[in-house]
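Here the structure is a predicted model, which is why all the values come from computation and not from measurement.
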Amino acid sequence: MSDDKNQPDTVQSSNKTRDQYETYPYPARNPEDEDKRLVSGSPGNWEEVVHYVFGGRDPSAKGKIKILVAGGGTGDALVMLAQQARDRKARAEIVYIDLSENARAIAQARIKRRNLEKNVTFVTGSFVDLAKDYGPFDYIDCCGVLHHLPDPNEGLRTLADSLKPNGGMGLMVYGELGRQGVYHMQEMMDRLNAEAGGARRLNFGKALFNSLPGTNWLKRNPFVGDHIHGGDAGFYDLLLHQQDRAYRVDEVFDFVHQAGLRLQSFIEPMRYDPTTYCSRHDVLEKAVHVPFRERAALAELMAGNITKHTFYVVKAKNKTKPPVPAEDAIPFFTRVDGAALARSVAKTGNIKITFTGLSVTRTMPSASPAILSRIDGKRSIRQIYELFQPMPEKFEFNAQFAVMYSVLNAANLMYLRFPDKK
């Protein structure tokens, strides 16, 4: 452990964070598991990135792209992005930067296990100091890192300065309301044993947690249990971190704005829509015709289960928007089997979506099963329409497709892309 007594507060905070991840690299990963599975998710799912950052047009289809994994930890995002690049035969150069040598060693071992090291550069240090030296980048992935910096605003500005004008970022920061009790625990640790680090801090923290009564907010929060019971690294990262903050929706918008960026979308969009939680028009009359920021902030208050905010951003002057249904757009499924979904909707007429303890049912348009069964990730919306015999009225088809797509896209089950230009 380093001696922080005579160092500035920001240096002390960085040293404590580095020491934590040297002792407990996070998330806990075994490189041998790469033989069995690929850890995937958001941000960094490339189909999702193309949809929200590049407007449905994959820049890697036209030439070499450069990617930064900022604060890459034990390598989940790095491995996912590198594997996806190889799968689509993209010319991608990926730079990984992290403070922890031990975390880097695990990430390198995972990359080597998959024979992906050819196009990956590993750097040990702070991306706040180093990102500009390796940029500019087409895409930056920074998941669960900015909220651990002494100055998150500076960190995001640094990343924005390292981004190409038409590039974008996938980010994740903690959500305040869904993490009820986490910061109470951290405050208790500060009051009882602030100076403890490493194994001593872990053991004391476990003893404290186990002694808490059932009335404690943390013990009553069902949305953080996977980290509490997910091993030492997860327990430490959730409850014992000494440099940690969380954000409400309004704060996320301000955070993005101060860095000269624009928020493209939260993931999953449905979670940031008040109508997901309440269907009464008399209650929501003043909430449905207001700017997205206000709707999303209200939805967060209504939900109570949002533990993290995952979102995509671009530079404020970048005019690229996520695609909307158009004749030449190609719809495709993600995270769901299309044929199975088509059969289910044909049987019930609706779709049930579950996230973080909440189930939402949406009625689907009558043509949905027929449309879903014709989506193969290659056909455009126009080609799907032309498969119908007899063909329905064009306006009716388009209207039903738009409603169906809005539901599936809001649940992160369908995206759109455009054909690669020759």
Side-chain heavy atoms of V95 within contact of V69, under 4.5 Å: no
Student check: side-chain heavy atoms of H148 and H241 closer than 4.5 Å: yes
Pairs touching residues 356-367 that satisfy salt bridge (charged side-chain N to carboxylate O under 4.0 Å, His left out), sequence neighbours left out: none
Contact check, side chains of T310 and M172, non-hydrogen atoms, under 4.5 Å: yes
Under the side chain to side chain contact (heavy atoms under 4.5 Å, CB included) test, residues paired with D76 that sit two or more places apart: P27, R29, V39, R110
Y312 side chain near I267 side chain, heavy-atom distance below 4.5 Å: yes
Non-hydrogen side-chain atoms of L171 and L146 separated by less than 4.5 Å: yes
Exercise: do N102 and S100 side chains pair donor with acceptor under 3.5 Å: no
Exercise: do D244 and Y183 side chains pair donor with acceptor under 3.5 Å: yes
Partners passing salt bridge (charged side-chain N to carboxylate O under 4.0 Å, His left out) against K64 (at least two apart in sequence or in another chain): E93
Within 45° cone of F332 ring axis and under 6.0 Å: R417 NZ or CZ: yes
Contacts of type salt bridge (charged side-chain N to carboxylate O under 4.0 Å, His left out), residue R200, not counting sequence neighbours: none
Interatomic spacing from CG in D98 to CG in L130 - rounded to 0.5 Å: 11.5 Å
Donor + acceptor pair across side chains of Q180, N221 (<3.5 Å): no
Pairs of donor and acceptor atoms involving the side chains of residues 53-63, under 3.5 Å and at least two apart or interchain, shall be tabulated with distances.
| from | atom 1 | to | atom 2 | distance (Å) |
| --- | --- | --- | --- | --- |
| D58 | OD1 | W46 | NE1 | 3.2 |
| D58 | OD1 | S60 | N | 2.9 |
| D58 | OD1 | S60 | OG | 2.7 |
| D58 | OD2 | W46 | NE1 | 3.3 |
| D58 | OD2 | S60 | OG | 3.1 |
| S60 | OG | R88 | NE | 3.0 |

Heavy atoms from other residues, nucleotides or ligands near NZ of K315 exceed 12 (cutoff 6.0 Å): yes
Stepwise side-chain contact (heavy atoms from CB on, under 4.5 Å) test for V407 and M414: CA-CA 9 Å; V407 172; M414 184 179 287; over 6 Å; no
Least distance between heavy atoms, T158 atom then V128 atom: CG2-O, 3.4 Å
Under the ring-ring contact (aromatic ring centres under 6.0 Å, His included) test, residues paired with Y272 that sit two or more places apart: F266, H309
Y385 six-ring centre to K394 NZ/CZ under 6.0 Å and within 45° of normal: yes
Side-chain donor-acceptor pair present, T124, R104, cut-off under 3.5 Å: yes
Flag side-chain contact, heavy atom, 4.5 Å: V182 against L238: yes
T354 and S359: side chain donor to acceptor below 3.5 Å: yes
Salt bridge (charged side-chain N to carboxylate O under 4.0 Å, His left out) partners of E32, counting only residues at least two apart: none
Heavy-atom side-chain proximity of E48 to R335 below 4.5 angstrom: yes
E34 and its side-chain hydrogen bond (donor to acceptor under 3.5 Å, both in side chains) partner, picked from R114, R113, K112: R114
Flag side-chain contact, heavy atom, 4.5 Å: N398 against E327: no
SB check D138 K164 (cutoff 4.0 Å): yes
Under the salt bridge (charged side-chain N to carboxylate O under 4.0 Å, His left out) test, residues paired with K321 that sit two or more places apart: none
Partners passing side chain to side chain contact (heavy atoms under 4.5 Å, CB included) against A107 (at least two apart in sequence or in another chain): L78, Y96, F122
Ion pair K16/D19, N-O distance below 4.0 Å: no
Plane angle bin for H51 and Y415 - parallel if under 30°, tilted between 30 and 60°, otherwise perpendicular: tilted
P365: side chain to side chain contact (heavy atoms under 4.5 Å, CB included) partners, not counting sequence neighbours: S368, Q400, V403, M404
Any pair counted as side chain to side chain donor-acceptor pair (under 3.5 Å), so long as it reaches residues 256-267, sequence neighbours left out: R157-Q258, R262-Q264
Aromatic Y174 / basic K308 pairing, under 6.0 angstrom, 45° off normal: no
Between Q186 and D190, a side-chain donor and acceptor under 3.5 Å: no
Contacts of D328 that satisfy side chain to side chain contact (heavy atoms under 4.5 Å, CB included) - sequence neighbours left out: A326, F418
